[in-house]
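Worth knowing before you read on, the calculation uses all heavy atoms, side chains too, and leaves out hydrogens, waters and symmetry mates.
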Amino acid sequence: QVQLVESGGGLVQAGGSLRLSCAASKRPGRTFTDCVMAWFRQAPGKEREFVAVINWNDGSTYHVDSVKDRFTISRDNAKNTVYLQMNSLKPEDTAVYYCAARYGNGPYVQDSFDYWGPGTQVTVSS
């Protein structure tokens with residue numbers, strides 16, 4: 001099992017930056033081998049959408065086109081933490097941001113991830 005908790009959300013003006021953190025915990029004696037971790041976001045009245053993903057083993061990443069020039073997903077192995085650095089924020093980035101995880105392969109969609117944090121609110125003012 002994996003437990004996730006997000007932090008770092010808040011209110012920021014358009015053009016500003018935030019760094020979200022996702023602290024991950026696991027069963028004693030286990031590792032994150034074959035673990036895939038991702039960020040999703042959901043705005044009010046909209047469906048949850050995929051933002052970025054990172055493979056824990058090799059650090060490979062993928063970002064959706066709408067954020068890839070502005071957002072960067074990364075990890076800190078020693079801290080068991082995944083980050084989402086968000087620069088040049090826009091009002092349309094306003095959403096609850098969720099950290100998610102799964103083991104093994106699968107598509108980058110909500111239903112393919114088994115573990116979720118409670119989310120952290122990001123609000124970008126115009």
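For residues 80-106, no residue pair satisfies the ring-ring contact (aromatic ring centres under 6.0 Å, His included) rule, not counting sequence neighbours. Every pair passing side chain to side chain donor-acceptor pair (under 3.5 Å) that includes a residue from residues 71-81 is listed here, sequence neighbours excluded: R75-N77.
By the side-chain hydrogen bond (donor to acceptor under 3.5 Å, both in side chains) test, S125 pairs with no residue at all, sequence neighbours left out. Residues passing the side chain to side chain contact (heavy atoms under 4.5 Å, CB included) test with P118, sequence neighbours excluded: E6. Partners of R70 by side-chain hydrogen bond (donor to acceptor under 3.5 Å, both in side chains), not counting sequence neighbours, listed by chain and number: D93. Every residue two or more places apart in sequence or in another chain that forms a salt bridge (charged side-chain N to carboxylate O under 4.0 Å, His left out) with E49 is listed here: R41. Applying the ring-ring contact (aromatic ring centres under 6.0 Å, His included) test to F113 and every residue at least two apart in sequence or in another chain returns F40. In this structure Q121 satisfies the side-chain hydrogen bond (donor to acceptor under 3.5 Å, both in side chains) test together with T123, sequence neighbours excluded. Remark: D65 engages K68 in a side-chain hydrogen bond (donor to acceptor under 3.5 Å, both in side chains) (not counting sequence neighbours). Legend: residues meeting ring-ring contact (aromatic ring centres under 6.0 Å, His included) with Y108, ordered by chain and number and at least two apart, are F50, Y62. For R48, there are no salt bridge (charged side-chain N to carboxylate O under 4.0 Å, His left out) partners at least two apart in sequence or on another chain.
Using a distance-only test at 3.5 Å, with no hydrogens or angles considered, no donor-acceptor pair links the side chain of H63 to the main chain of D69.
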Side-chain donor-acceptor pairs of residues 9-19 under 3.5 Å, sequence neighbours excluded:
unit_1 : atom_1 : unit_2 : atom_2 : d
S17    : OG     : N87    : OD1    : 2.9

